[in-house]
Amino acid sequence: MAWLRVVEAMKAPVGTDVTIRGWVRTRRDSKAEGGLSFVHVHDGSCFDPIQVVAKGDLPNYASEVTRITTHCAVEASGTIVQNPKGGNEIAAREVKVLGWVEDPDHYPIQPKPHSFEFLREQAHLRVRTNTFGAVARVRHTLSMAIHRFFHERGFVWVHTPIVTASDCEGAGQMFRVSTLDAVNPPRVKPEGAKEAPAGAPIDFSQDFFGKEAHLTVSGQLNVETYCAALTNVYTFGPTFRAENSNTSRHLAEFWMIEPEIAFATLAEDAQLAEDFIKYLIAAVLSERADDMKFFDERIEKGLLARLKHVLEAPFRRLPYTEAIRILEEAITKGRKFEYPVKWGTDLQSEHERYLTEEHFKQPVILMNYPKQIKAFYMRLNDPGTDGAPGDTVAAMDVLVPGVGEIIGGSQREERLEVLDRRLDEMGLPKKEYWWYRDLRRFGSVPHAGFGLGFERAMMFITGMQNVRDVIPFPRTPKSAEF
RNA sequence: UCCCUGAUAGCUCAAUGGUAGAGCGACCGGCUGUUAACCGGUAGGUUCCAGGUUCGAGUCCUGGUCGGGGAGCCA
């Protein structure tokens, strides 16, 4: 008898002989017809469990079937029949218990609502619940859609390194990677001295890589090198930030997607970002309609309407300078903000939300920011772009209703002399960027890219409120239990 | 890191400084092609940790640990 996944058994013709395997959600008993039990079994292949109907004449009915509790592992064989209220169920000929749940009184997961905070402490078991099963499937579907989007467009997936020995990837505290004795590390000895004096600098030349090494905070600088040969490339991998951030939107370990396109300007970068987001939404809506219906009903009311709106609305291109003007106008009309609006300063999230949720009511791509609030590698615009009162760079942020910033990107500075001036202005050592600068010396072309935080995209698409609940085993300050 | 807030049964929560309780879940029984099932009963406690005040602390005080919300940083 064929073993079918639950999703297949649900669609099998009435009369088919099947075996299913999985974990029990709930069991209900009836004394009618000489005793029968309704056992709901799920195996992760779809949102709904399948109902197994076990009758009292099964040899192990009293001894085992009626003792089944939530999350026992079972194998059930029988015939597909029509449920009186619609849908397939299995009239069981045999129900085997493959794994009991010991001490069900103290089993943490019960057939009842649990708080996400509690389930985070049971990360090894929470994936057996409705919500986290749905999150896992959507996360997989989103990952596949990301690769498919780029693959269909001729992009090459580049595996940028996890360990980096350059300490110049930009802002953000990094995790150190070292094999040195942390308690008693080797220290630099002065010329001719036998012993290093107390408090001397640590001698990283003796470390594994011969220099200080860290976990990556971004693959962008590396991926730019492949962009300058393969034209269209992207990274999709883990990223690490040792910031002491305790919020519902930050992780110490998260996944990031960073496409990089050659022979392209900011306008093409923005178009790519819009096409990308719409592709992802469409893919998840069509491939995981069951899970998305659950998120819409139980996690965020109106989620599907919000996503469909993003799918249909064109993304509004808006120069930063124009955004400031709109915000100042709103203030003169009486709109109150906690933080002031001033050209040259970064927009607060309340400003971003006003623009995308109240003023335009559609996704907004903010472009051309003041150079002083952006990174060194962003391309310097011509003076007077958008009528700006100061220098701007070709940066863009994609803002969406309900979540705010979801993508940050830019056209990169391809002119060596301008890049060098920016490095000098920001006090960054040119020597450390020697290979990045080489790209501007040997066949430099205009290019652009952006970064999308994968878990933030998950929050945007599922409506889940805490980033710790859209990754299997979240790493945050003071927390790496699993 | 800062501000606010919390930690009591497997879970969600109550308990004026004076015998630690309920609902759900688990277990037992009743009823029922059940599906958030329903009805009755039973069991279940290091009140986060370490000190302190008090005749007496779940409750008050001090310190810590961890959780949640917000802010900053950002993706």
Side-chain angles (χ1 to χ4, degrees), chain A residues 25-41 48-56 66-71 81-87 89 91 101-122 125 129-130 170-173 216-220 235 238-258 298 338-339 346 348-350 352 373-375 397-398 403-409 450-460 465-471 476-479 481:
Chain A
R25 279 251 161 81
T26 57
R27 189 201 90 231
R28 279 175 301 278
D29 303 321
S30 171
K31 288 282 158 51
E33 304 175 35
L36 70 169
S37 291
F38 304 93
V39 185
H40 284 191
V41 181
D48 288 318
I50 194 163
Q51 176 159 283
V52 174
V53 183
K55 298 219 163 156
T66 59
R67 290 175 47 227
I68 286 171
T69 57
T70 298
H71 292 174
V81 297
Q82 181 83 25
N83 182 290
K85 291 183 182 166
E89 65 181 26
V101 167
E102 62 174 53
D103 193 11
D105 184 23
H106 288 82
Y107 182 64
I109 314 292
Q110 306 287 353
K112 54 169 287 189
H114 288 293
S115 68
F116 290 147
E117 292 82 6
F118 167 71
L119 289 172
R120 253 169 243 152
E121 297 169 2
Q122 309 291 336
L125 301 173
T129 65
N130 284 334
Q173 287 293 108
T216 183
V217 295
S218 165
Q220 184 201 315
T235 72
T239 307
F240 306 87
R241 305 273 167 92
E243 299 285 357
N244 192 11
S245 295
N246 296 289
T247 80
S248 58
R249 304 177 307 285
H250 289 84
L251 292 166
E253 177 185 275
F254 62 100
W255 288 59
M256 192 153 64
I257 299 102
E258 296 173 289
R298 294 298 180 88
E338 190 180 344
Y339 290 89
D346 218 348
Q348 298 294 318
S349 63
E350 59 172 344
E352 296 179 343
I373 59 172
K374 290 294 180 180
D397 283 350
V398 180
V403 172
E405 180 185 338
I406 191 164
I407 277 179
F450 63 78
L452 170 72
F454 184 60
E455 284 73 22
R456 293 210 177 152
M458 280 290 296
M459 295 169 75
F460 169 63
Q465 293 288 299
N466 196 307
V467 73
R468 300 176 183 95
D469 298 326
V470 296
I471 189 168
T476 54
K478 311 284 187 202
S479 176
E481 174 69 18

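All chains are named by letter (A, B, ...) in the order of the sequence lines, taking the proteins before the strands, and each is independently numbered beginning at 1.
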**Item:** Whole-Å distance separating the CG atom of A:Leu452 from the C1' atom of B:C74
**Value:** 14 Å
**Message:** Just to be sure I understand the rule, does A:Phe240 reach a base, reach only the sugar-phosphate, or reach nothing, if contact means heavy atoms closer than 4.0 Å?
**Reply:** nothing
**Under 3.5 Å donor-acceptor pair, A:Glu89 side-chain atoms to B:G33 base atoms** = yes
**Closest-nucleotide ordering on RNA chain B, the 5'-leading residue of A:Thr70 and A:Pro477** = A:Thr70
**Item:** Working for side chain to side chain donor-acceptor pair (under 3.5 Å), residues A:Gln465 and A:Ser248
**Value:** CA-CA 7 Å; A:Gln465 293 288 299; A:Ser248 58; over 6 Å; no
**Message:** Please confirm whether the shortest side-chain N or O distance from A:Lys31 to OP1 or OP2 of B:G30 is below 4.0 Å.
**Reply:** yes
**Prompt:** OP1 or OP2 of B:U34 less than 4.0 angstrom from a side-chain nitrogen or oxygen of A:Lys85, does that happen here?
**Reply:** yes
**Request:** Using a heavy-atom cut-off of under 4.0 Å over every strand shown, decide if A:Val53 touches base, sugar-phosphate, or nothing.
**Result:** base
**Request:** Check whether any side-chain nitrogen or oxygen of A:Tyr107 sits under 4.0 Å from OP1 or OP2 of B:C27, and answer yes or no.
**Result:** no
**Prompt:** Out of B:G72, B:C73, B:A26, which has the shortest distance to the side chain of A:Pro104?
**Reply:** B:A26
**Prompt:** Once you round it to whole Å, what is the distance between P of B:A26 and CZ of A:Arg67?
**Reply:** 14 Å
**Request:** Flag the pair A:Thr235 / A:Met256 as yes when at least one side-chain heavy-atom distance between them is below 4.5 Å, and no otherwise.
**Result:** no
**Item:** Spacing between A:Asn244 atom CG and B:C2 atom P, to the nearest angstrom
**Value:** 9 Å
**Complete:** Residue pair A:Ser349/A:Asn246 against RNA chain B: nearer the 5' end by closest nucleotide is A:Asn246
**Message:** Counting only side-chain nitrogens and oxygens, does A:Ser245 get under 4.0 Å of the OP1 or OP2 atom of B:C73?
**Reply:** no
**Asked** Could you give the CD-to-P distance, from A:Gln51 to B:U34, as a whole number of Å?
**Response** 10 Å
**Prompt:** For A:Ile109, which contact category applies under a 4.0 Å heavy-atom criterion: base, sugar-phosphate, or nothing?
**Reply:** nothing
**Complete:** Among the nucleotides B:G72, B:U34, B:G70, whichever has the atom closest to the side chain of A:Gln348 is B:G72
**Request:** Write down the distance between CD1 (A:Ile68) and C1' (B:A26), rounded to a whole number of angstrom.
**Result:** 16 Å
**Item:** Spacing of A:Glu350 atom CD relative to B:G72 atom C1', expressed in whole Å
**Value:** 14 Å
**Message:** Are A:Arg25 and A:Asn130 packed together at the side-chain level, in the sense that at least one heavy-atom pair is separated by less than 4.5 angstrom?
**Reply:** yes
**Asked** Heavy atoms under 4.0 Å, any strand shown: does A:Lys478 hit a base, just sugar-phosphate, or nothing?
**Response** sugar-phosphate
**Asked** NE2 of A:His114 versus C1' of B:G25: gap in Å, rounded?
**Response** 8 Å
**Fill in**
Rounded to whole Å, CZ of A:Phe118 lies from C1' of B:A9 at a distance of 13 Å
**Request:** Decide, yes or no, whether a salt bridge links A:Arg27 with A:Asp29 under the criterion of side-chain N to carboxylate O below 4.0 Å.
**Result:** yes
**Complete:** Per atom distances to the A:Lys112 side chain, the nearest of B:G67, B:G33, B:C11 is B:C11
**Message:** Applying a 4.0 Å non-hydrogen cut-off, can you work out what A:Thr247 is touching in the nucleic acid: base, sugar-phosphate, or nothing?
**Reply:** base
